[in-house]
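Some notes on the structure that comes next.
Please read all numbers here as calculations on a predicted model, not as lab measurements.
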Amino acid sequence: MEKDELLGRTWTLDESSPAFFRAGEAADERYARAVARSAPLLPVLLADDGAPDVKVNKLLRAFKEGGKDPVLLRIGRDMEFDMRAAHLWRTLRQVLSDRGEDALLLMAAGSADALHLGGFVAATFTPVLELDLAPTTLDGAVQPLASGAYVLPGTHDVEGFRPAEALLIDTAGLSRLPAEALLPGVSRTVLLGAFYDRALFERLERFAQAHNPMMAFADDMHAVVCACVDAFLAHAQSEEGAAGLSSFLAAPGPGMPPPGGDLAIALAAMYRAAAAGGVAPAGEALRVCQLLERFQMPIVSERPRSFLSARLAELDQIGESVTLPGPIGSVSQRTCAFSALLQHL
């Protein structure tokens, strides 16, 4: 089967970056097999601990069935982002030298961390001629692309994240993950529905009324993930306030929330602030908080108040602000200082 026969609908992150989105049973493996047959590039599979061994082995086998001899690079999370990027640059140079190749196809598989690292390395390492993203976790599937810029290690040069040529999500594989593995991505799913897609939010509310909300979620995984990707790609730059707030809530220390809990707390606080400011109905702010709780996500921070106050003040000092949500499915034009959220955390 030719590569073009496997491609789903086209999406664009911007006018200059057309890419393909394919979701379904083993979509990543089928694409790997097809692209290996059609692209004269050395495939390199970049995987973190979010990519289980069974999935990694299937992807490697798919490349081999397509006639290529792939290279596997396993990455951990025990180093800072810039150190991991620098390590990958050196490793990729050595791989190209050892194989006598001058260009490669990079497929990043695993969690959102692996996908974002792949996007950055592809933007800064010119021999990467194709970047494919194959998230194997829910958090990776619903936030597959990084936005913004990053300072190159040891320099003052600023680089962004390269858009991918293909986004490939094995939604059937995601639906088989245990509930605890899905939870880190649930709060991001709720955010995307609450901010941008009322129908998605109401779908999640129906799941929450089921006897087992996570089972209902998993049973409809394909439709949920596709709706999340659509929302994310349409509004990739619009949720930076929530990301900034959740990033310090997730920092190690007393009261550290569970995976995904940082974003849930940030989202609940933003809706409480929006309701207090009259830009979102109080009843809809309550619906957001109740939905998060039904999925066993925290909505109030257990961080020491002194910690929260100091960190919010730091964000204010560097000129950061939060765009408040409006009614479910929309974002308001109202902004507020981070410190104004303290009473709502």
Side-chain angles (χ1 to χ4, degrees), residues 3 6-7 11 13 16-22 27-51 55-77 79 81-137 140-141 143-147 150 152-153 159-170:
K3 175 181 174 182
L6 293 175
L7 299 176
W11 52 260
L13 186 61
S16 64
S17 60
F20 295 104
F21 167 50
R22 178 84 181 186
D28 46 5
E29 297 161 38
R30 290 186 290 131
Y31 184 88
R33 189 177 299 109
V35 77
R37 290 175 179 148
S38 62
L41 299 171
L42 171 66
V44 175
L45 179 61
L46 176 67
D48 70 357
D49 54 12
K55 171 57 73 175
V56 168
N57 291 334
K58 286 180 177 179
L59 288 169
L60 293 173
R61 185 163 60 248
F63 278 122
K64 291 176 181 177
E65 290 170 354
K68 294 293 193 300
D69 184 14
V71 175
L72 171 63
L73 299 179
R74 275 286 195 179
I75 56 171
R77 305 189 201 189
M79 292 188 292
F81 185 92
D82 57 351
M83 295 294 291
R84 284 185 290 162
H87 175 72
L88 274 173
W89 292 332
R90 292 192 297 269
T91 303
L92 290 174
R93 289 192 192 98
Q94 188 62 52
V95 165
L96 289 172
S97 175
D98 291 345
R99 292 292 188 92
E101 301 278 358
D102 55 11
L104 59 87
L105 177 154
L106 183 64
M107 177 178 280
S111 70
D113 284 348
L115 274 54
H116 295 177
L117 184 60
F120 180 70
V121 169
T124 54
F125 190 70
T126 54
V128 177
L129 297 188
E130 178 169 342
L131 171 67
D132 302 328
L133 303 179
T136 60
T137 63
Q143 54 165 341
L145 304 172
S147 61
Y150 194 82
L152 292 176
E159 287 287 350
F161 295 83
R162 172 174 161 176
E165 277 68 34
L167 172 59
L168 312 153
I169 304 177
D170 180 359

Quick check: closest heavy atoms across [X] and [Y], and the distance to 0.1 Å?
X: Gly140; Y: Pro135; answer: C-CB, 3.5 Å
X: Leu96; Y: Pro127; answer: CD1-CB, 3.6 Å
X: Leu131; Y: Gly119; answer: CD2-CA, 3.7 Å
X: Ala108; Y: Leu115; answer: O-CD1, 3.8 Å
X: Arg74; Y: Val56; answer: NH2-CG2, 3.4 Å

Residue pair Pro70 / Lys64, side-chain heavy-atom distance below 4.5 Å: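 Pro70 reaches Lys64 side chain to side chain.
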Is the closest side-chain heavy-atom distance between Glu130 and Leu104 below 4.5 Å?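 Sidechains of Leu104 and Glu130: no contact.
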What distance separates [X] [atom1] from [Y] [atom2], expressed to the nearest 0.5 Å?
X: Lys55; Y: Leu45; atom1: NZ; atom2: CG; result: 10.5 Å
X: Leu106; Y: Glu165; atom1: CG; atom2: CD; result: 10.5 Å
X: Leu46; Y: Leu88; atom1: CG; atom2: CG; result: 5.5 Å
X: Asp102; Y: Ser97; atom1: CG; atom2: OG; result: 12.0 Å
X: Leu167; Y: Ile169; atom1: CG; atom2: CD1; result: 4.5 Å
X: Arg90; Y: Leu92; atom1: CZ; atom2: CG; result: 11.0 Å

For the pair [X] (side chain) and [Y] (backbone), establish whether a donor and an acceptor sit closer than 3.5 Å, ignoring hydrogens and angles.
X: Lys68; Y: Ala39; answer: yes
X: Thr137; Y: Gly50; answer: no
X: Thr124; Y: Phe120; answer: yes

Before accepting this row, confirm whether a basic side-chain N of the pair [X]/[Y] lies closer than 4.0 Å to the acidic partner's carboxylate O.
X: Asp69; Y: Arg99; value: yes
X: Glu29; Y: Arg61; value: no
X: Arg84; Y: Asp113; value: no

If we check side-chain contact (heavy atoms from CB on, under 4.5 Å) with Phe63, which of these qualifies: Leu42, Leu72, Leu105?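 Of all the options given, the one that passes is Leu105.
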Residue from Arg37, Arg33, Lys58 passing salt bridge (charged side-chain N to carboxylate O under 4.0 Å, His left out) with Glu65: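 Checked Arg37, Arg33, Lys58 against Glu65; only one passes salt bridge (charged side-chain N to carboxylate O under 4.0 Å, His left out): Arg33.
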Is it the case that atom CG in Asn57 sees more than 12 heavy atoms from other parts of the structure closer than 6.0 Å?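 Atom CG in Asn57 is crowded, with more than 12 foreign heavy atoms closer than 6.0 Å.
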Working for side-chain contact (heavy atoms from CB on, under 4.5 Å), residues Leu168 and Met107: CA-CA 10 Å; Leu168 312 153; Met107 177 178 280; 3.9 Å; yes
